[in-house]
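Before any comments, here is the structure.
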There are 2 protein chains.
Amino acid sequence: MNEILNLSIGCENCPIQHRAVCARCDAGELEQLEAIKYYRSFEAGQTVIWSGDRMEFVGSVVSGIASLTQTMEDGRTQMVGLLLPSDFVGRPGRESASYDVVATTDLVMCCFRRKPFEKMISETPHVAQRLLEMTLDELDAAREWMLVLGRKTAREKIASLLSIIGRRDASLKLEGISGKMVFDLPLTREAMADYLGLTLETVSRQMSALKRDGVIELEGKRHVTVPSFQRLLDEAGDDSDGGLMA
Amino acid sequence: MNEILNLSIGCENCPIQHRAVCARCDAGELEQLEAIKYYRSFEAGQTVIWSGDRMEFVGSVVSGIASLTQTMEDGRTQMVGLLLPSDFVGRPGRESASYDVVATTDLVMCCFRRKPFEKMISETPHVAQRLLEMTLDELDAAREWMLVLGRKTAREKIASLLSIIGRRDASLKLEGISGKMVFDLPLTREAMADYLGLTLETVSRQMSALKRDGVIELEGKRHVTVPSFQRLLDEAGDDSDGGLMA
DNA sequence: ATACCGACTTGATCTGGGTCAAAGGCGCAC
DNA sequence: GTGCGCCTTTGACCCAGATCAAGTCGGTAT
């Protein structure tokens, strides 16, 4: 776990530090990044990129939450990725986007024009390697989620999602695995349903059930307190430590 | 689509050519690969790597089929990846495996010792870039599968699986999208169920239903004929061309 | 040939989660 | 304040797919 932020690729003026990559970047490389960098803001609900669109940029999330979603013709949608601050968006080497990228909350992104970014990668092995590591992490996360989607019950799915969101929240780090966890849900019930392969009614019912059973406490609709993180992991059917250990 | 095999990382003596990577490798690089290469054979059902095991090698599938699976304590299992010949196994930079790798059929792999392979990557940018491309493809496939697991009906799931397996079979290329497709299923009903997040009974029932409705023809349990690939894609609820176009 | 075993099919029944419908809350504009 | 919209909850009912339980089929060892 340790420092999530070091996954990001950014540059010195970003709110996000770019330790892992740019600590190793020399002045010339940083200057290159700076030259092709720009910020974009989106309102909640706006689509950042449509599936099939030509990708003009890559970048990382500065603040807010974005999600990758796939939609079938009849309207069924599945969220296939959740992008929190410091997460990277885009595919160096891909001409067009494979899924819709949607701003789930108000969103700020730090973007780099794709072509020059790709050029820089090809000339900068340590950036390419960093990207590979990040992509492998995303792949592991995606496959972890396949287990959730394919085999877990609705209650387990909710618990899994809460543990993932909570885990990324700073407040947990202070408390440790057995401790209390407090955070605000950044997703509507519908967005949770789209991520979990459920309906929003089922999400709502299971949230109520978890509350009734004392696994979580709710204040308003979004403010969540988890008295015992371990208990939540048990509910998620998760045999691991939830990624809290190194 | 075009040439699947060019995804592989191998070396000249492998049954699999290694066009994309090694066409660009010089003699010294090929010699390095050769020095750390070895073959391993597994029988159907054998576990190649246990989740959590220390990874001693990376490599690619030469023949047969392997699958990546995750298992919960209570025995529920979800297949999270299907590895066909030419697919790459392993995570440069990872000390331990994230999932079980199981030989679904008799299996031959071409392996490289991990440490020297990683060293070679760090010194050989074009190999690292090739690995990044391959990993991005895997990520797309995993996310595509999340839609299948989260939102498709049993019938659509089966049709999706058949179209993926058939698509990798050489016989299709000759016939094109509207044509006939013939192949042998390399998976038991149970393995199909584990991949699709279903039970084996449901898989069997839906296979019968697709047969009854003329979407597929079955000869024995495993030999499948698809009269119209387009029809199969329609059944899969798939709006794309199934990856047949470039 | 017999009988055994693993892979598969089919039937009967059950149930978790979907669907449809009707109310709460709560924030915001007027 | 009052009213309007959106998010959320809750209830009643239904159905796709799970579960439980017999069989069938094909290969192979005795």
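Throughout, protein chains are lettered first and strands after them, A, B, ... in sequence-line order, and every chain is numbered starting at 1. Predicted, not measured: the structure shown is a model, and the values here were computed from it.
Partner of A/Q230 under the side-chain contact (heavy atoms from CB on, under 4.5 Å) criterion, chosen from A/V226, A/L233, A/L232: A/L233.
Considering only side-chain N and O atoms, A/T199 lies under 4.0 angstrom from the phosphate OP1 or OP2 of C/dG18. A/T202 has no side-chain polar atom (N or O) that falls below the 4.0 Å cut-off from OP1 or OP2 of C/dG17. Distances shorter than 4.0 Å separate none of the side-chain N or O atoms of B/S204 from OP1 or OP2 on C/dT10. Distances shorter than 4.0 Å separate some side-chain N or O of B/R222 from OP1 or OP2 on C/dC8. Checking the phosphate oxygens (OP1, OP2) of C/dT9, no side-chain nitrogen or oxygen of B/R205 falls inside 4.0 Å.
Between A/F57 and A/Y38, the angle of the ring planes goes over 60°, which puts this pair in the perpendicular group of the 30/60° scheme.
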(request) Would you please test B/E235 and B/K152 for salt bridge (Lys or Arg N to Asp or Glu O under 4.0 Å) and show each step? (result) CA-CA 11 Å; B/E235 289 287 349; B/K152 291 195 177 178; over 6 Å; no

(request) Starting from the C-alpha separation in whole Å, work towards a yes-or-no answer on side-chain hydrogen bond (donor to acceptor under 3.5 Å, both in side chains) for A/D100 and A/S51. (result) CA-CA 5 Å; A/D100 299 336; A/S51 171; 4.6 Å; no

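Chain A approaches DNA chain D over the interval D/dT8 to D/dA12, counting the first and last nucleotide 5' to 3' with an atom under 4.0 Å from its heavy atoms.
Comparing A/M207 and A/R151 by the nucleotide of DNA chain D that holds the closest heavy atom to each, the one mapping nearer the 5' end is A/M207. Summary of the strand contacts: A/V203 and B/K221 both lie near DNA chain C, and taking for each the nucleotide with the nearest heavy atom, the more 5' one is attributed to B/K221.
In this entry the distance linking CZ of A/R189 with C1' of C/dC26 reads 14 Å, nearest Å. When rounded to the nearest whole Å, the span between CZ of A/R76 and P of C/dG18 equals 13 Å. Put simply, CD on B/Q206 is 12 Å from P on C/dT10, counting in whole angstrom units. Whole-Å rounding puts the A/E219 CD to C/dG25 P distance at 17 Å.
One cannot find a donor-acceptor pair under 3.5 Å joining the base of C/dC8 and the side-chain atoms of B/E201.
Remark: B/D140 CG to A/S98 OG distance equals 4.0 Å, nearest 0.5 Å. Taking OG from B/S60 and CG from B/L83, the interatomic distance works out to 10.5 Å, rounded to the nearest 0.5 Å.
At a threshold of 4.0 angstrom between heavy atoms, the contacts of B/L198 are confined to the sugar-phosphate backbone, with no base atom among them. Residue contacts shown for B/G197 are limited to sugar-phosphate atoms, with no base heavy atom under 4.0 Å away.
Here the shortest heavy-atom pairing between B/L218 and B/K221 reads CD2-O, 4.1 Å.
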